[in-house]
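Below is one structure, written out as structure tokens; comments come after it.
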Amino acid sequence: MSEENTSVVIVGAGHAGGTAAALLRQYGHAGPITLIGEEPIAPYQRPPLSKAWLKGEADADSLALKPQEFYAETGIDLVLGVRVEAIHAAEHTISLSNGRTLPYGVLIIATGARARALPIPGAGLKGVLSLRSAADAEELKAALTPGKRLAVIGGGYIGLEAAASARALGAEAVVIEREPRILARVACEILSTFFTDYHRARGVAFELDAIVEALEGESGRVTGVRLTGGRVLPCDVALVGIGAPPNDEIASAAGLNCQGGIVVDTHARTSDPDIFAIGDVSHRPLAHYHRTFRLESVANALEQARQAAAAITGRPPPPQEVTWNWSDQYDVKYQFAGIPFDVDEILLRGDPAGGKFAVFHLAGDLIQAVEAVNAPAEFMAGRQLIAQRRPISRSRLADTAVSMKEVAA
Amino acid sequence: MPKITYIEHNGSEHVIDVKNGLSVMEGAVKNNIPGIDADCGGACACATCHVYVDAAWADKVGAKSAMEESMLDFAENVEATSRLSCQIKVTEQLDGLIVRMPESQH
Ligand SMILES: Cc1cc2nc3c(=O)[nH]c(=O)nc-3n(C[C@H](O)[C@H](O)[C@H](O)COP(=O)(O)OP(=O)(O)OC[C@H]3O[C@@H](n4cnc5c(N)ncnc54)[C@H](O)[C@@H]3O)c2cc1C
Ligand code: FES
């Protein structure tokens with residue numbers, strides 16, 4: 001489909017939406033592009049909000065996807081501080097929170113996900129924060145001064161990165177996790193143990209198998225986290241990081257097929273041929289696993305932005321990528337690729353005690369996923385082997401005397 | 001501001017003034033130059049900001065870290081002059097730098 005002059009409206013000016021707008025111009029789309037976002041600022045990168053930016057090592061300019069003048073220069077109509085309230089698919093229009101109605105030729109939904117709220121007493125106290133937007137991050141950074149006590153509720157990547165950054169800023173940190181181990185949903189046990197030890201050695205406390213019952217406060221400000229059993233962990237600021245549900249309500253209200261995210265095909269097209277959905281809000285096919293999934297990563301947002309922009313401008317579709325992600329904590333570079341579906345063996349290469357190792361998740365002779373700690377070669381080779389669906393020798397993979405180049409040869 | 005020339009695989013040239021302190025990758029991405037994807041935004045985690053640096057500039061752009069070296073080992077179409085452009089900081093010394101982009105970053 002080549003729709004050279006069609007008007008493209010993008011709902012959600014985040015990482016996916018901002019990238020799609022820029023790529024449409026790069027790919028030669030000549031028609032109007034409108035990019036509508038609820039946040040007051042132009043598209044920016046979120047990963048540094050819990051990492052380099054939080055520690056004060058990156059400025060706001062470096063977060064922005066493009067400089068401010070880019071949008072005017074390339075004829076992208078950037079509408080900020082405005083929420084899209086409804087999609088009228090039959091009429092090809094959307095309604096905005098400022099009362100306007102806007103027609104579209106092609107619509108791209110890139111509304112992302114939002115921080116899940118904690119449904120317990122005290123969640124509305126001052127100092128109880130989440131971390132999704134730049135505004136959230138400003139609030140958190142302002143609260144993390146030396147000696148302040150941070151309680152992180154939820155031991156996922158963002159919470160752990162925030163704890164590491166808090167330590168770098170001289171604040172205390174405790175991580176509270178409902179499961180018996182941190183990263184339970186997203187990493188294997190070897191990684192959980194490695195990161196727990198690494199954080200403990202740097203002064204972070206852990207409360208595992210712990211259920212938060214309420215947040216306690218004084219004069220409207222949080223003072224502690226109460227666990228079941230009654231114990232209270234005192235804190236000056238609490239960060240809730242318990243997942244991010246998709247912002248797919250306007251899509252499902254418009255009749256688009258949604259199943260925990262907006263269902264799309266490999267071109268990022270929804271059940272309506274004139275509507276695409278990209279980024280955290282989509283539920284997409286995973287070519288290498290013959291499954292569908294909702295991914296939450298920059299790599300996914302960018303891949304789907306490329307898919308949608310290619311489909312709209314009539315370019316050949318980009319190659320199907322293996323999902324991957326990274327996390328920076330202290331001086332640890334953690335990279336992972338793939339998803340451990342149908343795994344029958346977890347193979348360790350290297351020694352966690354040495355701070356450089358990788359965990360391969362295997363299904364027969366195929367690598368399904370790799371988790372690499374300070375091991376870029378294992379990550380890069382693993383990602384390629386997953387993409388190629390090429391059988392490997394388990395014994396050679398486990399042997400660090402055999403280089404990854406040789407394993408992949 | 002240092003001028004950097006980015007040359008796409010198809011030969012298209014883009015001469016850009018890049019602020020000191022930005023990376024060579026940022027100079028391209030912020031100006032919407034095709035050919036550098038930079039999926040990780042400069043965290044040295046993706047190798048989709050691969051460029052070839054003219055040999056004459058090898059000394060001025062500085063040495064590769066072990067991390068960059070390992071990432072590049074597995075990138076496509078790697079040559080002796082390959083670098084990850086997010087790991088090269090722009091300074092006055094780099095005024096006139098020429099980088100070429102590979103056919104694809106994925
Ligand atoms: C602190 C933090 C750290 C992260 N670290 C990493 C990392 O290391 N690596 C990685 O790969 N990923 C990381 N992520 C995830 C990554 O940022 C997301 O996957 C990515 O931002 C998804 O892009 P998106 O455009 O789909 O969603 P978003 O970037 O969330 O953008 C969606 C935008 O749409 C707007 N919006 C929503 N509804 C409407 C509406 N109805 N009308 C108008 N606008 C609307 C929202 O306000 C938002 O601005 C991190 C996320 C966070 C929060
Ligand atoms: S931008 Fe990812 S490695 Fe350079």
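The structure displayed is predicted, hence computed values, not measured ones. Below, all heavy atoms of this structure are taken into account, side chains as well, without hydrogens, waters or symmetry copies. Naming: A, B, ... by sequence-line order, numbering from 1 per chain.
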Considering heavy atoms only, which positions within residues 30-43 of chain B lie below 4.5 Å of chain A?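 Counting heavy atoms that sit under 4.5 Å from chain A, the residues of residues 30-43 of chain B involved are B:K30, B:N32, B:I33, B:P34, B:D37, B:D39, B:C40, B:G41, B:A43.
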
With a strict 4.5 Å heavy-atom criterion, list every residue of residues 54-75 of chain B that contacts chain A, or say none. B:M67, B:S70, B:M71, B:D73, B:F74, B:A75

Please check if the number of heavy atoms outside B:K19 that lie under 6.0 Å from its NZ is greater than 12. no

Inspect the surroundings of CD in A:E69 and state if more than 12 heavy atoms from other residues, nucleotides or ligands are less than 6.0 Å away. yes

Please report the C-alpha distance between A:W324 and B:C46 in whole Å, then the side-chain angles of each, then the deciding distance to 0.1 Å, and finally whether the side chain to side chain contact (heavy atoms under 4.5 Å, CB included) criterion is met. CA-CA 9 Å; A:W324 72 276; B:C46 69; 3.3 Å; yes

Considering all heavy atoms, the nearest A:K333-B:C44 contact: CE-O, 4.2 Å

Counting only heavy atoms closer than 4.5 Å, note whether [X] contacts chain B via side chain, backbone, both or neither.
| X | result |
| --- | --- |
| A:S62 | both |
| A:Q335 | side chain |
| A:D61 | both |
| A:F379 | side chain |

Top residue by heavy-atom pair count (under 4.5 Å) with chain B, among [options]?
| options | value |
| --- | --- |
| A:R306, A:Q384, A:E321 | A:R306 |
| A:A64, A:A408, A:S297 | A:A64 |
| A:P47, A:P67, A:P318 | A:P67 |

Neighbours of chain B found in residues 48-57 of chain A - heavy atoms under 4.5 Å: none

Go through the structure and list residues passing side-chain hydrogen bond (donor to acceptor under 3.5 Å, both in side chains) with A:R284, not counting sequence neighbours. A:N300, A:E303

